[in-house]
**Student:** 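Provided herewith is a single structure, encoded as structure tokens, for subsequent inquiry.
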There are 2 protein chains.
Amino acid sequence: MSFSITEENYIKAIFHLQQEDGTVSTNDLSAVLQTKPASVTDMLKKLKTKKLLSYERYKGVRLSAEGRRLALGIVRKHRLWEYFLFNTLQFGWDEVHEIAEELEHVTSKKLVEKLDAFLGYPRFDPHGDPIPDSHGKMTVRQQLNLIDLPVNKMAEVSGVGSQSSELLELLKHRNISMGTKLEVKRRFSFDHSLEIRIKGQQPFIISQQLAQALFVKLV
Amino acid sequence: MSFSITEENYIKAIFHLQQEDGTVSTNDLSAVLQTKPASVTDMLKKLKTKKLLSYERYKGVRLSAEGRRLALGIVRKHRLWEYFLFNTLQFGWDEVHEIAEELEHVTSKKLVEKLDAFLGYPRFDPHGDPIPDSHGKMTVRQQLNLIDLPVNKMAEVSGVGSQSSELLELLKHRNISMGTKLEVKRRFSFDHSLEIRIKGQQPFIISQQLAQALFVKLV
DNA sequence: GAAAAAATTTAGATTTGTCTAAAAATATTT
DNA sequence: AAATATTTTTAGACAAATCTAAATTTTTTC
């Protein structure tokens, strides 16, 4: 069985939304895919007949084992291409997502395996997200949200919560990127902002929203 | 203005058919695109309104300057990706075309330029076809370096890189002279040596230095 | 230069993925 | 638990790209 680019994008979106909570709603999908809820309903019915997901009207949706396998394949391709664009072609880490959105739909299985080998079987993409291997397995990284990082523990940035250009723009301006070493100096309960200090720089304050969008690991 | 993958495939097909004779017929297009003539007619009308070609009913079709520019851009992408697949990812030269058919539709301009730079601005793809540069210009090849001769293409020796007696001595010993017909059987990336076969003889291996000193033309 | 053959176009239908507007089901508020 | 609000689905329509069958134009043959 083969799938259109549109179908693949639905499956990928459901996969990502499912990470948080078990079932995914029509409205959530409508929001991330930028299509009307009515169109989402139509597509869900279609994907159900293709056995990629279980769906009952008004009850939300969940990927089947088959659907999950497909999703992992797409995510694998997306992240391998991101790695290629960043490491081989020297793109900025804020540019790679958009291009990978197209490359991820190229179908050749052999291409994916050759690319993986050429890149040296990388396990994380430029945003710190794990790259599924050819069996769909991902290395889990002991990564925590910056908002949860204990005060005065040195850590390094290992992931971001979204690929939005707004976030990436802010990070660029704040001079934060993958591997940046930092620690939390203080917490302000009023607005949940944090004072952080990047190694070798003066401390400064970041918002709760930004802190929640950053993942770090202890060093 | 942007174009669908289908529209791009029509433009590319017209471009290739146009190489032979000036105008292209509905039936020829129908044959290479594997669609019914009626469908071709519909698309030609559409592409005419987009000013990519000139078309009058029953009279065949010709690309406009705009259409030619678009076609060259697609051919450029196709051949750069073929070069990448063959030279970087070590695909067989018979496998690259099919995969490049998908990659050629990825839209990022910057990707094409970065890929071109990464590959070292190659001027010919693995089949020996010229790669248009970013302005759409192609090198016309009459004579090429033996090191660039695609595998399994019969060619004849048409020139040498120097007149040094050392070179000529070696050529005499190897039994190679002007007009000798040969083909490349294999390439060894380790030392860039080539296995070649002179028509009617057993294959043997020559060094990179020797290959670079020989010019051939396709026969 | 007709008649026959081939190529091309028109007309009307189909599939995919989308939309709007209205109806139905579910969730929230009071 | 009734009223209200929100979410989701249904019904019917539309654009893109295709098809088949029939009509038209061009080309070839005699």
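Numbered from 1 within each chain, the chains take letters A, B, ... in sequence-line order.
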**Student:** Which pairs with one or both residues in residues 49-58 of chain B pass side chain to side chain donor-acceptor pair (under 3.5 Å), sequence neighbours excluded?
**Tutor:**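 Applying side chain to side chain donor-acceptor pair (under 3.5 Å) to every pair that reaches into residues 49-58 of chain B, excluding sequence neighbours, yields B:Glu7-B:Lys50.
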**Student:** Please classify the nucleic acid contact of A:Thr41 as base, sugar-phosphate, or nothing, using heavy-atom distances under 4.0 Å.
**Tutor:** base
**Student:** By ring pair (Phe, Tyr, Trp, His ring centres under 6.0 Å), which residues pair with B:Phe84, not counting sequence neighbours?
**Tutor:** A:Phe84, B:Trp81
**Student:** Can you pull out every side chain to side chain donor-acceptor pair (under 3.5 Å) where at least one residue sits in residues 165-176 of chain A? Sequence neighbours excluded, please.
**Tutor:**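 For residues 165-176 of chain A, and leaving out neighbouring residues, the side chain to side chain donor-acceptor pair (under 3.5 Å) pairs sorted by first residue read A:Asp94-A:Lys172.
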**Student:** Strictly below 4.0 Å: does A:Asn27 bring a side-chain N or O up to OP1 or OP2 of D:dT8?
**Tutor:**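 So the side-chain polar atoms of A:Asn27 do come within 4.0 Å of the phosphate oxygens OP1 or OP2 of D:dT8, strictly under.
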**Student:** With sequence neighbours left out, what residues match A:Gln208 under side chain to side chain donor-acceptor pair (under 3.5 Å)?
**Tutor:**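 A:Gln208 satisfies side chain to side chain donor-acceptor pair (under 3.5 Å) with no other residue.
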**Student:** Over how many whole Å does the gap from A:Asp42 atom CG to D:dT9 atom C1' extend?
**Tutor:** 9 Å
**Student:** Charged N to carboxylate O under 4.0 angstrom, A:Arg76 versus A:Glu104?
**Tutor:**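 A salt bridge is absent here (no side-chain N lies under 4.0 Å from a carboxylate O).
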**Student:** Tell me which nucleotide among D:dT8, D:dT26, C:dC19 gets nearest to the side chain of A:Thr35.
**Tutor:** C:dC19
**Student:** Nucleotides 20-24 of chain D: which of its N/O atoms have a protein N/O under 3.5 Å away?
**Tutor:**
residue : atom : partner : partner atom : Å
D:dT24  : O2   : B:Tyr58 : OH           : 3.3

**Student:** From the list C:dT18, C:dT8, D:dT18, which nucleotide is the closest neighbour of the side chain of B:Tyr10?
**Tutor:**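 The answer is D:dT18.
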**Student:** Any ring pair (Phe, Tyr, Trp, His ring centres under 6.0 Å) involving residues 100-159 of chain A? Give me the pairs, sequence neighbours left out, ordered by first then second residue.
**Tutor:**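 Applying ring pair (Phe, Tyr, Trp, His ring centres under 6.0 Å) to every pair that reaches into residues 100-159 of chain A, excluding sequence neighbours, yields A:Trp93-A:His127.
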**Student:** Would you tell me if any nitrogen or oxygen in the side chain of B:Thr6 comes within less than 4.0 Å of OP1 or OP2 on D:dA16?
**Tutor:**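 The answer is no; no side-chain N or O of B:Thr6 sits under 4.0 Å from OP1 or OP2.
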